[in-house]
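Take a look at the structure below.
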Amino acid sequence: MRDKKVTFLTQAAMIAAIYVVLTFVFAPISFGEVQIRIAEMLTVLPVFTPAAIPGLFVGCLIGNITGGGLLPDVIFGSLATLIGAVGTYCLRNSNRIFAVLPPIAANICIVPFVLRYAYGVVLPIPFLMLTVGIGEVVSCGILGNFLISVLGRYRNRIFNRA
């Protein structure tokens, strides 16, 4: 039992660390009205392990805090990632196309309002939904599906399933 807890915590910590690193390596495109946060491709990881859920939340939280995000962005942006990760976990046994939809939908519904009301972006909410949606489709939909394909081959070795 203790080994499972250690494995869970280790996986969550590694996922959080990778999320933060990807956010900062790609910082010029990770923040703003038009953003493609490459780290969001990791929101598909709950397909493989439930440890990804807290890992993604903490990684996004740390990324937003250290990236200079305002408090509403830190809170609601991180919650969008958490909601997306939980949704992906719930759809983990479905078609992988459906598994990437929760993080896309959560970010489309939440992030534009953060951009408008926290950062004062004057663009119309529907336009912000479009720009955020495009970024999420690229990061979660395209890159996330690629990640599922690659990791699916190594599922038992990487995620300790027998």
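Everything quoted here is computed from the prediction, not taken from an experiment.
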Enumerate, atom names and distances included, each donor-acceptor pair closer than 3.5 Å involving a side-chain atom of residues 99-115, sequence neighbours excluded.
unit_1: N107; atom_1: ND2; unit_2: E40; atom_2: OE1; d: 3.2
unit_1: N107; atom_1: ND2; unit_2: P103; atom_2: O; d: 2.8
unit_1: N107; atom_1: ND2; unit_2: E136; atom_2: OE1; d: 3.4

How long is the straight-line distance from SG of C140 back to CG of L42, given to the nearest 0.5 Å? 9.0 Å
Is there a path of hydrophobic side-chain contacts, each under 4.5 Å between heavy atoms of I, L, V, M, F, W or Y residues, that connects L45 with V137? yes
F31 reachable from L130 in the ILVMFWY side-chain graph, under 4.5 Å edges: no
All N/O donor-acceptor pairs, side-chain side in residues 70-80, below 3.5 Å, sequence neighbours left out:
unit_1: D73; atom_1: OD2; unit_2: Y119; atom_2: OH; d: 2.8
unit_1: S78; atom_1: OG; unit_2: L61; atom_2: N; d: 3.4
unit_1: S78; atom_1: OG; unit_2: V74; atom_2: O; d: 2.6

Do L147 and I97 share a hydrophobic cluster (ILVMFWY, side-chain heavy atoms under 4.5 Å, transitive)? no
Would F8 end up clustered with L56 when hydrophobic side chains under 4.5 Å apart are linked, directly or stepwise? no
Is there a chain of hydrophobic side chains (I, L, V, M, F, W, Y, each step under 4.5 Å between heavy atoms) that links F48 to M14? no
Residue pair V47, T88: steps toward the side-chain contact (heavy atoms from CB on, under 4.5 Å) verdict: CA-CA 6 Å; V47 165; T88 297; 3.7 Å; yes
Decide yes or no on side-chain contact (heavy atoms from CB on, under 4.5 Å) for I148 and N145, but give the supporting numbers first. CA-CA 5 Å; I148 287 175; N145 267 309; 4.3 Å; yes
F146 atom CZ, neighbour heavy-atom count above 12 within 6.0 Å: no
Calculate, to the nearest 0.5 Å, the distance between atoms CD1 and CD1 belonging to I142 and I36 respectively. 9.0 Å
For A39, give me all partners under side-chain contact (heavy atoms from CB on, under 4.5 Å), at least two apart in sequence or on another chain. Y19, L22, T23, R37
When rounded to the nearest 0.5 angstrom, what is the spacing between CG in L128 and CD in Q35? 10.0 Å
Can you see which heavy atom on F24 is nearest to which on G67, and at what distance? CZ-N, 3.5 Å
For the atom pair OG1 (T49) and CD (Q11), what is the distance rounded to the nearest 0.5 Å? 4.0 Å
